[in-house]
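Everything below concerns the one structure shown next.
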Amino acid sequence: MGSAIKTSGLKPLAALSPRPPGQRPGAARYELLSRSFFNRDPRVISPELLGKVLVRRQGRKLLVGRIVEVEAYLGADDPAAHSYAGRTERNAILFGPPGYVYVYFIYGNHYCLNVSCLPDGTPGGILFRAVEPLLGIEEMARARDVEVNSPRDLPKLTSGPGRLAEAFGITRERDNGKDFTSRKSDLFVASDGFPASNVLVTPRIGITKAVDHPYRYIIAGNPFVSGPRNLINLR
DNA sequence: ATATCGATTATCT
DNA sequence: GATAATCGATATG
């Protein structure tokens with residue numbers, strides 16, 4: 001506590017995350033993603049999720065981040081997935097209908113945000129690994145207790161699954177089970193018309209099982225992608 | 001720049 | 001009792 005947070009005047013790295021021509025962040029029109037969008041294989045959804053925006057309504061404030069990195073997790077075929085060993089109380093959301101928020105707590109410290117995929121009864125999900133902050137940067141900096149003095153500091157806010165969860169105030173207690181496709185929800189995903197480009201597929205990171213599968217999807221070159229810069233191994 | 005390590009707790013064996 | 005879909009700090013080149 002107590003460390004000053006200076007964000008006044010800071011803008012998102014607009015050059016690196018272009019919007020539709022002439023559109024400013026506050027003017028974005030968000031189009032919700034549908035239930036059927038998530039009712040598919042997470043490996044098909046993942047690249048389409050890149051470039052979409054994650055939105056948190058916080059009272060009057062809006063927290064918005066451009067999705068730049070996700071990972072797909074499957075069911076019985078995927079030893080790295082939480083659903084691999086079958087349904088439990090913790091992972092129940094992954095076995096439910098598509099488009100719902102799955103949050104888990106890890107390493108005694110961090111929350112991670114996922115969305116359920118595939119039809120009711122078939123497990124699968126997508127882990128949100130990094131977003132580029134667009135709106136609510138001051139609020140994110142406060143939530144992270146990070147000092148942002150230059151654009152170079154911005155990745156500290158939302159680059160990494162634990163970081164983005166903290167920046168958006170995401171916890172299991174607060175958010176697990178929410179409908180990701182409802183505007184009534186205070187946490188949802190939407191399209192603002194920005195088309196994802198330069199999508200690259202790599203092996204997933206931070207796991208010890210099934211490390212060979214290329215199920216990590218990133219916007220190549222985007223500075224908010226997490227992990228070592230060299231971990232952009234093509235497969 | 002890369003490598004290693006400690007923190008801290010819910011969940012599962 | 002061990003592990004974990006992580007992070008931040010420290011050490012070393």
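Remember, predicted model here, so these are calculated numbers, not experimental data.
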Consecutive-pair stems (3 or more, Watson-Crick or G-U, under 3.5 Å) for DNA chain C: B:1-7 with C:6-12, B:9-12 with C:1-4

Touch class at under 4.0 angstrom, heavy-atom based, for A:K156 against every strand present: nothing

Leading and trailing nucleotides of DNA chain C with any atom under 4.0 Å from heavy atoms of chain A: C:dA4 to C:dG8

Row check, A:F37 ring normal vs A:R40 NZ/CZ: under 6.0 Å, within 45°: yes

Pair A:E132 + A:R66: basic N to acidic O under 4.0 Å: no

Near-strand residues of residues 104-126 of chain A, defined as heavy-atom separation under 4.0 angstrom from DNA chain B: A:F105, A:Y107, A:G108, A:N109

Chi angles and distances behind the side chain to side chain contact (heavy atoms under 4.5 Å, CB included) call for A:R163, A:L157: CA-CA 6 Å; A:R163 288 169 172 174; A:L157 298 180; over 6 Å; no

Other residues, nucleotides, ligands: >12 heavy atoms within 6.0 Å of A:Y84 OH: no

From A:K61, A:R57, A:K178, residue fulfilling salt bridge (Lys or Arg N to Asp or Glu O under 4.0 Å) relative to A:D186: A:K178

A:Y102: which of A:Y100, A:F105, A:Y104 passes ring pair (Phe, Tyr, Trp, His ring centres under 6.0 Å): A:Y104

Flag if over 12 foreign heavy atoms under 6.0 Å of CD, A:E31: no

SB check A:K156 A:D145 (cutoff 4.0 Å): no

Sugar-phosphate, base or nothing in reach of A:L127, heavy atoms under 4.0 Å: base

Donor-acceptor contact below 3.5 Å, side chain A:R216 vs main chain A:E71: no

Side-chain heavy atoms of A:L33 within contact of A:F188, under 4.5 Å: no

